Number of protein chains: 2
Amino acid sequence: MRTKKTIVNPSRKILSTAIACLSEKGYANVSMRDIASESGVALSQLTYYFKNKEGLFTEVIHEMMAQYLQEMEDTMKSAVGAKAKTASLISYFKDLVKEKPKLLRLFIDFTAQSLWVPSFREQVDHLFCRLTEMIEENILKDTEMSANLDGYSSASIARYILGALYGTSIQIMLGSDKTSAFESFQLTDSLFAAREL
Amino acid sequence: MRTKKTIVNPSRKILSTAIACLSEKGYANVSMRDIASESGVALSQLTYYFKNKEGLFTEVIHEMMAQYLQEMEDTMKSAVGAKAKTASLISYFKDLVKEKPKLLRLFIDFTAQSLWVPSFREQVDHLFCRLTEMIEENILKDTEMSANLDGYSSASIARYILGALYGTSIQIMLGSDKTSAFESFQLTDSLFAAREL
DNA sequence: CGTTTGTTCGGTCGTACGTACGACCTATTT
DNA sequence: AAATAGGTCGTACGTACGACCGAACAAACG
C-alpha cells in the first residue's frame, strides 16, 4: 500500500513536536509521553515511526544538523570575499543567540548528551567536522593569515574559530546580560582579519 | 548533639560517589539509587544529608567549581609574566582533555543542564565569571595587546579566550583523534601574544 | 538511669518511564 | 467478496524513579 499524505504526515508532526519539546525543556526533562500528548498522537505511534526513544532523538539531531549546516552555508555563501564571509559568520552566531536561542540550546544540549551516548556522539562529531570544513572552505582558503599564524594548519584554525564562537555563545546564553557580551564575537573579525590575495 | 566523624563522614562519601557517578555516566543517566548503592549507603541517607536530588547535585557543582577554580588559579599563579601565564593556561586545558576528561565532562554536562535548571544556571554562570576574571587579572592586566585589539574591553577578550579554550576542548573531546587537534589550543598563544610593559 | 537529639536503615507510596501487544479501521489488491 | 497491508489507538506490563515514613540505633546529657 502506498504511503499516503492525506493531510499531514504524522511522522513529520511527531518530529517537529519533539524538536519543540526538546528545545524548550531539554533532553533530560522530556519523555515520549510528553511528545505524544503534545503532538496529539497516540504514544504507540512514536514507536511505530521511530523504533524507540533513541531512534526518535537521533532523527531530531539529524534535523537539527541539517538546519544548522543549511543556514550556516546560506549565510556564508551570500557574502563575497573572506572578510565579508567572516562578518556574516559572526552575525549568524549573534543571530543564533538573539533570535534562535532554542536552536542553540538544542545544539548545546545534544553536545553534552553526545558525551555519553555513542550514537549521538558520532552525529555531533560529524556536525563539528562539517562546520570546520565549511569555515576552512569559505574563510581560510585562498587567504593569507597574519604572520603569527604560520605553522598552523587551516583545520586547526577553523576548529579554533568555531570553538571560540561556540564557547562564547554558551557564555552569553548563560549570562544575565545578553547585550554587552556581544562584543566578544567581534573579536573573531579582528583576530583573523584576512588579507585577500 | 555534635556531628561525629566516626570513621569517614558519610556525606563526604556520598558526595564523592555522586561526583564519580556523574562524571562517568552523565546527569541524565544517574539516579539517586545508583549513587546510594554505589556508595554503600541507604537511599534515605541521601535525602537526609542533601534534601533532594537537586540539593545533592547543587553540591556536586559547588565541588566541581571549587576544584576548577583552585587548579586554574594554582596553574596561573605558578607562572610569572603574562606570556608564561598564557602558556600555563593553555597547558591546563590540554591537561584537562588528556588527563582529567572526567572533570571536563562534568563541566560540559552541567553547563548544558544549567540551560534548564535555574539554580544550576546561576552557579555555572558564576563559574564562568570567575574564570574570565581570573584571565583578566593574570593575563590581560598590565599588558598591552596587539594593535588590532584596541577598543575591546578586557572582559570581552577574556570571555573570548575562555570560550575558545572551552569550545575547542569540547570538539577535541568529541573527536576521534585526541592528538592532532591539540594544535588548536596553541593558537591562543599566537593570537594573544602579549607584549609586557 | 532515662531522655533527647542525631543518625541509619529497610521498606513503601505514588508516579512516570519505555516498550509491547492486540484490537480496530480503511483502503488497496486479489 | 474476501484477503491483505498500512496505519491508529488504548491499554497494560515490568521496571525504575524520587520522596517519604517509622522503627531502630548511637551518643551525649540531665
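Computed from heavy atoms alone, side chains included, the values below leave out hydrogens, waters and symmetry copies. A note on names: the letters A, B, ... follow the listed sequences, proteins ahead of strands, and every chain is numbered from 1. Here the structure is a predicted model, which means the values were calculated and not measured.
Side-chain contact annotation: B/Y152 with A/E183, donor-acceptor N/O pair under 3.5 Å absent. Between the side chains of A/S91 and A/S88, no donor-acceptor pair of N or O atoms lies under 3.5 Å.
Under the 6.0 Å distance and 45° angle rule, A/K85 does not count as a cation-pi partner of A/F192. A cation-pi arrangement, defined by a distance under 6.0 Å to the six-membered ring centre and an angle within 45 degrees of its axis, is absent between B/K100 and B/Y68.
One interatomic measurement links the two molecules: CG of A/L56 to P of C/dC17, which rounds to 14 Å at whole-angstrom precision. To the nearest angstrom, P of D/dA24 lies 17 Å from CD of B/Q45. Nucleotide C/dT7 holds its P atom 12 Å from the CD1 atom of B/I14, rounded to whole Å. In this entry the distance linking OH of A/Y48 with P of D/dG10 reads 17 Å, nearest Å. Straight-line distance from the CG atom of A/L46 to the P atom of D/dT8: 12 Å, rounded to whole Å.
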B/S/- contact track for nucleotides 18-24 of chain C, protein heavy atom under 4.0 Å: BBBB---

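Ring geometry for B/F110 against B/F57 counts as perpendicular: the plane angle is over 60°, on a 0 to 90° scale with 30° as the lower cut.
For B/F185, the ring-ring contact (aromatic ring centres under 6.0 Å, His included) partners are B/F182, not counting sequence neighbours.
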